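Owing to the predicted nature of the structure, the values given are computational and were not obtained by experimental measurement.
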Amino acid sequence: MNKSIILMISLCSVLFFGCSQAETVSSQGETVPPKTITQVPDAQTAKPLTPAEADVLIAATIEAINQENVNFFMPYLMERDRAPENVQAALNHYQAYFQGEEITDFERLGVEQLGETGNQTPIQRFNYRIANHGGISKQIAVYQDKTIRLDDTFLLYSVYANRLVERYIDAIQSQDIDKLSGVLNIEETLFSQDELRGIISQYKDLFSLDSLNYQFIGVESERQQFLYTISGQNGREHEIKVIYGDGLVSLHDQFIPLNR
């Protein structure tokens with residue numbers, strides 16, 4: 001049995017597109033540089049979103065990412081996710097992912113019809129790739145159900161992934177078996193006291209525990225994983241992964257026993 005731990009998140013079911021750290025813009029598609037935004041589609045509009053309006057929203061989203069405009073995103077998130085902490089975590093991940101460079105271009109990849117709402121209105125999903133001059137790109141989408149929403153793994157999962165890593169590090173730093181048990185012993189996954197002590201012991205062998213820190217370093221889109229490094233004052237680093245999808249995040253660390 002895989003010993004990754006699971007943290008339940010109440011998220012609405014949507015379709016996700018992955019991304020990759022080295023993904024580049026296709027030479028076959030037409031890229032469009034963001035333009036000055038004059039009118040962005042209202043999230044609450046009842047009119048079907050047109051491709052041109054979706055383009056405007058994506059261009060505005062790029063501008064908001066570049067300017068770290070937290071408030072811009074609020075109307076386009078699920079109600080339960082409309083918190084500055086959620087958006088700021090996503091913006092920090094965008095900054096790291098694009099290596100501190102501004103996003104400069106976008107490409108519309110296509111439009112999907114995903115079904116109908118209760119009033120027979122088609123649900124549309126507009127898929128995009130955004131990119132910087134360095135060739136780093138990421139997929140993002142706009143979909144319209146009853147309202148217009150931005151669909152991106154950073155906006156949906158970054159804050160929850162960070163919280164999971166923070167809880168894990170806190171339990172290890174404090175060498176608190178009960179805390180670590182609370183993080184890892186979820187559902188059918190149960191670790192013994194000796195196994196939990198073994199995890200802490202491996203970190204003690206590698207780091208001075210009071211100096212532990214973490215950093216988001218990238219994404220493996222095909223495996224739906226955020227990548228983090230845990231580091232200490234001695235300059236050593238240890239990589240862990242947070243797997244995301246279906247409203248869940250789970251932790252993978254080679255120090256956690258895999259087999260019972």
Minimal non-hydrogen separation, [X] against [Y], with atom names:
| X | Y | answer |
| --- | --- | --- |
| Ser231 | Glu237 | CB-CG, 4.0 Å |
| Ile169 | Leu212 | CG2-CB, 4.0 Å |
| Phe126 | Leu49 | CZ-O, 3.4 Å |
| Tyr160 | Asn86 | OH-ND2, 3.8 Å |
| Gly182 | Arg167 | O-NH2, 3.6 Å |
| Pro41 | Ile148 | CB-CD1, 4.1 Å |

Original post:
Quick check: does any side chain N or O of Arg82 sit under 3.5 Å from a backbone N or O of Met74, one acting as donor and the other as acceptor?
Top reply: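 Side chain of Arg82 to backbone of Met74, a donor-acceptor pair under 3.5 Å: yes, one is there.
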Subject >> Under 3.5 Å donor-acceptor, Gln202 side chain and Ile199 backbone >> reply: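 No, the answer is negative, given that no donor and acceptor are paired below the 3.5 Å cut-off.
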Output all residues satisfying side chain to side chain donor-acceptor pair (under 3.5 Å) with [X], sequence neighbours left out; order by chain, then residue number.
| X | value |
| --- | --- |
| Tyr76 | none |
| Thr147 | Arg149 |
| Asn92 | Gln88 |
| Thr61 | none |

**OP:** Measure up the Phe226 and His93 rings against each other and bin them: parallel (under 30°), tilted (30 to 60°), perpendicular (over 60°).
**Re:**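 Rings of Phe226 and His93: perpendicular, over 60°.
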Residues in salt bridge (Lys or Arg N to Asp or Glu O under 4.0 Å) with [X], at least two apart?
| X | value |
| --- | --- |
| Asp194 | Arg197 |
| Glu85 | Arg163 |
| Asp170 | Lys179 |

Original post:
How far apart are the C-alpha atoms of Tyr94 and Asn66, what are their side-chain angles, what is the distance that settles it, and do they pass the side-chain hydrogen bond (donor to acceptor under 3.5 Å, both in side chains) test?
Top reply: CA-CA 9 Å; Tyr94 283 119; Asn66 289 339; over 6 Å; no
Original post:
Among side-chain atoms of Asn127 and Gln139, is any donor-acceptor pair under 3.5 angstrom?
Top reply: no
Original post:
Have Glu112 and Gln124 got a donor and an acceptor in their side chains that come within less than 3.5 Å?
Top reply: no
**OP:** Let me see the working for Ile65 and Gln95 under side-chain contact (heavy atoms from CB on, under 4.5 Å), right down to the final yes or no.
**Re:** CA-CA 8 Å; Ile65 293 172; Gln95 180 76 7; over 6 Å; no
Subject >> side chain to side chain contact (heavy atoms under 4.5 Å, CB included) against Asn69, all qualifying residues, sequence neighbours excluded >> reply: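 For Asn69 the side chain to side chain contact (heavy atoms under 4.5 Å, CB included) partners, ignoring immediate neighbours, are Ala64, Asn71, Phe72.
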Original post:
Residues two or more places apart in sequence or in another chain: which of them pass side chain to side chain contact (heavy atoms under 4.5 Å, CB included) with Ser211?
Top reply: Ser208, Gln233
Which residues pass the ring pair (Phe, Tyr, Trp, His ring centres under 6.0 Å) test with [X], not counting sequence neighbours?
| X | answer |
| --- | --- |
| Tyr214 | Tyr228 |
| Tyr128 | Phe106 |
| Tyr203 | His238, Phe255 |

Subject >> Partner of Asp151 under side chain to side chain contact (heavy atoms under 4.5 Å, CB included), chosen from Ile140, Leu156, Val142 >> reply: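 Running side chain to side chain contact (heavy atoms under 4.5 Å, CB included) over Ile140, Leu156, Val142 with Asp151 returns exactly one hit, Leu156.
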Subject >> Test: Asp152 and Lys138 ion pair at under 4.0 Å >> reply: yes
